[in-house]
2 protein chains.
Amino acid sequence: MDRFVSHYTLRLDAKGRVSIPAPFRAVLARDGFDGLYCYPALDRPALDAGGNALLKEIETLIARFAPYSEEREQFSATLYSTSEILKVDGEGRVVLTEPLKSHAGIADAVAFAGHGHKFQIWEPGRFRAELAEATEKVRALKKRLGTQGAAEGPHGARE
Amino acid sequence: MDRFVSHYTLRLDAKGRVSIPAPFRAVLARDGFDGLYCYPALDRPALDAGGNALLKEIETLIARFAPYSEEREQFSATLYSTSEILKVDGEGRVVLTEPLKSHAGIADAVAFAGHGHKFQIWEPGRFRAELAEATEKVRALKKRLGTQGAAEGPHGARE
DNA sequence: GCGTGATCCATTGACGCCCATATAGTCCCA
DNA sequence: TGGGACTATATGGGCGTCAATGGATCACGC
């Protein structure tokens, strides 16, 4: 499997470390990126994380703007300077920096949520709320689509 | 990693020295430039800094103008004459010259901000403001792009 | 001699790396 | 099919190393 799927809730230890869920570690290992690329999501209190696949997506996005253009400068500045490359220890753990934790409101536990080529890191309570809201919207959308059944919920029932 | 990523805030000591963040030093070492190439950013109160990769970008920029043209002369004169090649001591520290500090409004602390192939040096307060502003613009820009349906932003599909 | 600056050394705290333990899930075999 | 051994994962802790910072010594030019 080469995609991040499902979600997991894990605790931070006294030193602020948290294990990346083993299935996600397996995807990262296959991806080949050394460490964990991580930055605050623009429009929600969560962190985007991943490896080369995520980096490539960002580069593609930035490459759509003309070189030296104001938009491009701002895009690359924002994304690069707020990004962190977290080291992963021998046990598959990372320590989130203070800015990252603060953006997501993370204290002593985090929820990892698979998003295919990347995954997000949430404060568990906020994640539950976000998931409930998103599920509701998807449900309504599916109803609008009628019998096409094009959209399944993004997550299973597991909590 | 061969890019400047993330940001760091460090203090100047009594002698005006400031450590280049270790991850940035690693990138510079790989780049092979001896010292730190540094000049005032043209359109903002910050300093651009880097190594050979930055020099190459500058040369490419200047090469866009016709040889001996007025623009080219002015461009190269401005960029090269205001540039400094700062010495890096055994501990990885540099001393900013007075013109550089004055341009960026730096007193006793600086923020290093990764920009991929180069990094910028800011007065910490100004950097926070600049980052907030750039993030806001990127957020708006991403929203525009999202409605086009041409590409998903790097931050997930659900809106 | 004195100021300026550069190289060297010292301290402190954070972080990386290693090992230990518990728990849960899986597999094997009787 | 049930039990038990085994494996892998999550978590906790110790310790050495490195980075950031401060200070001191040394070299040199004015």
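All chains are named by letter (A, B, ...) in the order of the sequence lines, taking the proteins before the strands, and each is independently numbered beginning at 1.
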Euclidean distance, atom [atom1] of residue [X] to atom [atom2] of [N] [Å, nearest integer]:
X	N	atom1	atom2	value
D13(B)	dC8(C)	CG	P	17 Å
D89(A)	dC15(C)	CG	P	13 Å
R93(B)	dT7(C)	CZ	P	12 Å

Interface with DNA chain C, restricted to [range] and to heavy atoms under 4.0 Å:
range	value
residues 94-102 of chain B	none
residues 106-125 of chain B	none
residues 14-25 of chain A	K15(A), R17(A)

Would you confirm whether [X], through its side chain, and [Y], through its main-chain N or O, come within 3.5 Å as a donor-acceptor pair?
X	Y	answer
H117(B)	A53(B)	no
H7(B)	E84(A)	no
H115(B)	T78(A)	no

Comparing E91(A) and R11(B) on DNA chain D - which has the more 5′ nearest nucleotide:
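Per heavy-atom nearest nucleotide, the more 5' residue is E91(A).
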Not counting sequence neighbours, which residues clear salt bridge (Lys or Arg N to Asp or Glu O under 4.0 Å) with E136(A)? List them please.
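Scan of E136(A) (salt bridge (Lys or Arg N to Asp or Glu O under 4.0 Å), adjacent residues dropped) gives R139(A).
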Quick check: is L36(B) connected to W122(B) through a chain of hydrophobic side chains (ILVMFWY, heavy atoms under 4.5 Å apart)?
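No, separate clusters.
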Mind checking the [atom1]-[atom2] spacing from [X] to [Y]? Nearest 0.5 Å is all I need.
X	Y	atom1	atom2	value
Y37(A)	S6(B)	OH	OG	9.5 Å
D48(A)	L42(A)	CG	CG	8.5 Å
D43(A)	K142(B)	CG	NZ	4.0 Å
R93(A)	I20(A)	CZ	CD1	11.0 Å
S83(B)	L100(B)	OG	CG	9.0 Å
K118(B)	D31(B)	NZ	CG	14.5 Å

Between F24(A) and F4(A), does the ring centre distance come in under 6.0 Å?
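Distance test on ring centres: under 6.0 Å, yes.
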Residue pairs fulfilling ring pair (Phe, Tyr, Trp, His ring centres under 6.0 Å) with at least one residue in residues 72-96 of chain B, sequence neighbours excluded:
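Every ring pair (Phe, Tyr, Trp, His ring centres under 6.0 Å) pair that includes a residue of residues 72-96 of chain B, provided the two are not neighbours, is F65(B)-F75(B).
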With a 4.0 angstrom cut-off to heavy atoms of chain A, pull out the first and last contacting nucleotide of DNA chain D, in 5'-to-3' order.
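Range of nucleotides within reach of chain A: dT9(D) to dG14(D).
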